[in-house]
Participant: 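Okay, handing you the structure first.
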Amino acid sequence: LMRIQISHKRLRNMIEEAANREVTVNFPGSYLQPESQCVVMWLVCTELAGQSFLESSIGSRLRDYLVVAKDFQVNAQGTMKVSSEAAHIMGAARLIAKSLLESVNTFPLCCAQILFTIDKTVLKKIGSKEVEQVSTFLFERFVLEAIITPSVFGISREDTNDTQKQALEVLYKLFKFSSKATDPPLSA
């Protein structure tokens, strides 16, 4: 159904109708709930086009990080020594962020249409504060999920060991924390 909607240029209208219905009938933010029609369309669309975007944008950087993470130091309890590996973690974060920025122009059109239409509908119906939730949703439910579970997104084809899983979790937390940070106030 999604492919038909895309090929007949009806995707934007379909999303707008769903977002309008969900924002009007339900509570604000319901359009981002798992049972939401908008979210279902987003998930189908990312399955169709989003995984190849993630593979091409961050796939090689994440795989390189996993190779290095295999040899990260762990303590006697098997916990990764984050302080010992901070340079590798920060380096990987910079490379992944750079790759995402460089590939933003190749973001799948169908995914962009869904997000843009939800953004526009929410802005019109609810206001600008809610629009930030759409951006957060994109980042957390798409990019960060690919970082924490690369095999689900086809980025990593081999099993990850415990140290690699811990390294992915640290990278995930770093990106999540960074996405919540605000710019410091400018001094006068």
Side-chain angles (χ1 to χ4, degrees), residues 2-3 5-7 9-12 14-16 19 31-32 38-70 72 85-123 128 130-160 164-183:
M2 184 68 72
R3 287 182 196 269
Q5 295 295 337
I6 292 168
S7 66
K9 311 252 187 275
R10 280 260 317 129
L11 179 63
R12 188 171 288 175
M14 191 167 98
I15 294 293
E16 193 168 357
Y31 54 89
L32 297 179
C38 292
V39 171
V40 169
M41 286 186 259
W42 165 257
L43 293 172
V44 170
C45 203
T46 55
E47 183 74 26
L48 291 173
Q51 287 187 355
S52 60
F53 166 77
L54 288 170
E55 168 59 37
S56 66
S57 63
I58 66 171
S60 65
R61 301 294 188 187
L62 207 48
R63 282 190 296 277
D64 291 347
Y65 177 67
L66 285 170
V67 168
V68 172
K70 268 185 184 175
F72 279 2
E85 307 303 342
H88 292 296
I89 296 164
M90 291 303 296
R94 277 191 215 90
L95 290 172
I96 289 169
K98 183 179 182 226
S99 292
L100 280 169
L101 285 172
E102 289 172 350
S103 59
V104 75
N105 291 331
T106 64
F107 190 74
L109 180 61
C110 61
C111 296
Q113 284 181 335
I114 291 172
L115 293 171
F116 174 78
T117 305
I118 292 172
D119 244 11
K120 187 175 76 172
T121 304
V122 168
L123 184 59
S128 60
E130 286 284 317
V131 170
E132 189 177 310
Q133 284 187 358
V134 177
S135 300
T136 301
F137 175 81
L138 162 69
F139 191 69
E140 290 179 356
R141 298 281 307 271
F142 186 54
V143 176
L144 289 185
E145 281 190 17
I147 288 173
I148 196 73
T149 56
S151 59
V152 171
F153 287 81
I155 293 172
S156 171
R157 287 160 190 83
E158 58 185 62
D159 290 334
T160 53
Q164 289 170 311
K165 288 176 187 171
Q166 290 176 49
L168 289 171
E169 187 174 318
V170 169
L171 190 62
Y172 171 89
K173 287 177 181 177
L174 176 63
F175 274 110
K176 186 164 179 125
F177 177 76
S178 297
S179 73
K180 303 278 188 229
T182 58
D183 293 331

Participant: If I compare all heavy atoms of T160 with all of S156, which pair ends up nearest, and what's the gap?
Facilitator: CG2-OG, 4.4 Å
Participant: Go through L101 and V104 one step at a time and tell me if the side-chain contact (heavy atoms from CB on, under 4.5 Å) criterion holds.
Facilitator: CA-CA 5 Å; L101 285 172; V104 75; 5.9 Å; no
Participant: For the atom pair CG (L95) and CD (E102), what is the distance rounded to the nearest 0.5 Å?
Facilitator: 9.5 Å
Participant: Look at the side chain of S56 and the backbone N and O of F53, then say whether any donor-acceptor pair between them is shorter than 3.5 Å.
Facilitator: yes
Participant: Rounded to the nearest 0.5 Å, what's the gap from CZ on R94 to NZ on K98? Could you check?
Facilitator: 12.0 Å
Participant: If you compare all heavy atoms of Y65 against all heavy atoms of A92, which two are closest, and at what distance to 0.1 Å?
Facilitator: CD1-CB, 3.2 Å
Participant: Less than 4.5 Å apart, side chain to side chain, heavy atoms only: is that true for E145 and V152?
Facilitator: no
Participant: Mind checking whether I96 and L171 have side chains closer than 4.5 Å, heavy atoms only?
Facilitator: yes
Participant: Do I147 and F175 come close enough that some side-chain heavy atom pair is under 4.5 Å?
Facilitator: yes
Participant: Measure across I155 and E55 and return the closest heavy-atom pair with its distance rounded to 0.1 Å.
Facilitator: CA-OE1, 3.6 Å
Participant: Work out which heavy atom in L62 is nearest to a heavy atom in A146; give both atom names and the distance.
Facilitator: CD2-O, 3.6 Å
Participant: When rounded to the nearest 0.5 angstrom, what distance separates OG1 in T149 from CG in L144?
Facilitator: 10.0 Å
Participant: Are any side-chain N or O atoms of Q164 and backbone N or O atoms of L66, one a donor and one an acceptor, separated by less than 3.5 Å?
Facilitator: yes
Participant: Using the test side chain to side chain donor-acceptor pair (under 3.5 Å), find all partners of K173 that sit at least two apart in sequence or belong to another chain.
Facilitator: E169
Participant: Which heavy atom in F72 sits nearest to a heavy atom in I89, and how many Å separate them?
Facilitator: CE2-CG1, 4.2 Å
